[in-house]
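Taking it in order: structure first as structure tokens, then the write-up.
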Amino acid sequence: MGTGSDMAKLRLGDNEYDLPIRVGTEGNRAIDIAKLFAMTGHIALDDGFANTGSIMSTICYIDGEQGILRYRGYPVEEVAEQCEFTEAAYLLIFGELPNGEQLEAFRGNIRRHTLLHEGMKAIFAGFPPYAHPMAILSAVVGALAIYEKEFGDPGNPQQRLLAMHRMLAKMPTIAAFSYKQSVGQPFVYPQNDLTYCQNFLNMMFAVPSEKYKIDPDFAEALNLLLILHADHGQNCSTSTVRMVGSSNVNLFSSISAGIYALWGTLHGGANEACINMLENIAADGRNLGKYIDKAKDPDDPFRLVGFGHRIYKNYDPRATMCKAVCNRLVKRFAGQDPLFDLAQELEEVALSDPYFIERKLYPNVDFYSGIIYRIMGIPKDMFTVLFCLGRLPGWIAHWREMHLSPDKRIHRPRQLYTGHTKRSVVPLIKR
Ligand code: ACO
């Protein structure tokens, strides 16, 4: 396949086809194969979608080779350091940073809807004490499709906007209630005079029997972490939200599906899995060499969790910021988290090993984020729930972008069939 200035040429046997080249605003290029099947009778095959752009999007730019991540053009580092989470959410969803008036109106729309329908408490009560909070989160967000059903038409701009506000408002409440249910404590209702992050911490950690003081360093660290997780292009969960939403189902059901996609250990579940791994290594005499060897052994399924990324072939910029936050918090709570030392040692050993160097495997966002959560007193099984809180604006922004696109159509990949050719059913008695 050769490329002209704005066309790629594809030769199949004696025939030659022109395929348009699309150029992104950062100069990245894509061959548009939307008409490939109609023109040639061939489909494109790309296991795991590693080289497939499913949409054109204006939300997030990633350069994995350089380790760059930008939200709507702004470097993630600047957004994380200078914005409050709802400000970053506004930016991702609506495309521009809000002015003071716009932000206050947006926050007001979120604040008004933080309470859940009282009937939903019965749903939490029905879950057994061993239920994972991610399973509860997804199930209860799915149930919003019942309780908020008047906002279920994604084709209606007014309903769409209200659904987005309500989703942002209720997610922290559902997340905190999931935790409270799992530890058998009473639910703490939202307090609308607090910021998004303060309110979440209060609902997580306050109890009716004593005063709870929100630690400003924890609220700040949480704000930064949520922003760092807020969007990341067509990752597994965001693609899931778009895929499910493309059928025109409501926002709540689309987000519920995205939460399940994020739960897996190859995706958002890696932050919990990473702490488990560090704890195992610590309990096993901090034998780093043994675990590095296991990670390198092609016959051993063990992988260094928190290392490697489909897109980043350089240090994940989010991991750099997480490591800096770890450093700040560890200084304040000196000696409270030996796992941070272990993680840094592991990083040093891995980054000087040819296996990791050749494959360009660097720490990803999940390598250090779990350590921050641990210092904040957040239990391991809530780590991925916090990832969901952070990723929510990105999911919503993509869902909205899809519904505003004049080219929107149902997502429906094809497959190359490699099973049996036609055969006849043998009656049961003869099999
Ligand atoms: N430890 C050891 N080897 C690894 C690791 C790792 N963490 N990650 C990749 N490799 C190796 C693979 O074995 C493969 O080696 P090979 O070429 O000899 O076969 C090579 O590096 C390329 O890896 P792939 O699996 O092809 O990369 P892919 O893009 O499919 O996977 C993924 C990316 C899933 C993130 C992978 O690096 C991984 O499993 N990492 C650990 C889990 C993790 O940290 N997930 C969080 C990702 S970030 C996020 O979702 C927020």
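Note that ligands are numbered from 1 as they come in the structure, with each ligand's atoms numbered from 1 the same way.
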Quick one: do the [X] and [Y] side chains pair a donor with an acceptor below 3.5 Å?
X	Y	result
Glu347	Tyr315	yes
Thr114	Asn192	yes
His132	Glu272	yes
Tyr291	Asp284	yes

Would you tell me which option among Arg359, Glu358, Lys360 has the nearest heavy-atom contact to atom 18 (O) of ligand 1?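 Selected option, by shortest heavy-atom distance: Arg359.
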Would you indicate which of Tyr362, Tyr355, Phe307, Phe356 comes nearest to atom 3 (N) of ligand 1 when only heavy atoms are counted?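 Heavy atom nearest to atom 3 (N) of ligand 1 belongs to Tyr355.
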Option passing ring-ring contact (aromatic ring centres under 6.0 Å, His included) with Phe307 (candidates Phe302, Tyr362, Phe356):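 Of the listed residues Phe302, Tyr362, Phe356, the ring-ring contact (aromatic ring centres under 6.0 Å, His included) partner of Phe307 is Phe356.
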Just heavy atoms, cut-off under 4.0 Å: does [X] contact ligand 1 by side chain, backbone, both, or neither?
X	answer
Leu304	both
Phe367	neither
Leu266	both
Arg303	both
His309	both
Leu361	side chain

Audit row: Glu77, Arg70, salt bridge (charged side-chain N to carboxylate O under 4.0 Å, His left out) steps and yes/no: CA-CA 8 Å; Glu77 294 86 348; Arg70 294 189 200 128; over 6 Å; no
Mark up the atoms of ligand 1 that fall under 4.0 Å of a heavy atom belonging to Gly306, in ascending order.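 Those atoms are 43 (C), 44 (O).
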When you measure from atom 26 (O) of ligand 1 to the protein, is at least one non-hydrogen atom found at a distance under 4.0 Å?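 Answer no: nothing from the protein, no heavy atom, is under 4.0 Å.
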So, do Trp399 and Ile255 sit near enough that their side-chain heavy atoms are less than 4.5 Å apart?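 No - every pair of side-chain heavy atoms lies 4.5 Å or more apart.
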Measure the distances from the heavy atoms of Phe387 to every atom of ligand 1 and state whether one is below 4.0 angstrom.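 Within the 4.0 Å threshold, so yes.
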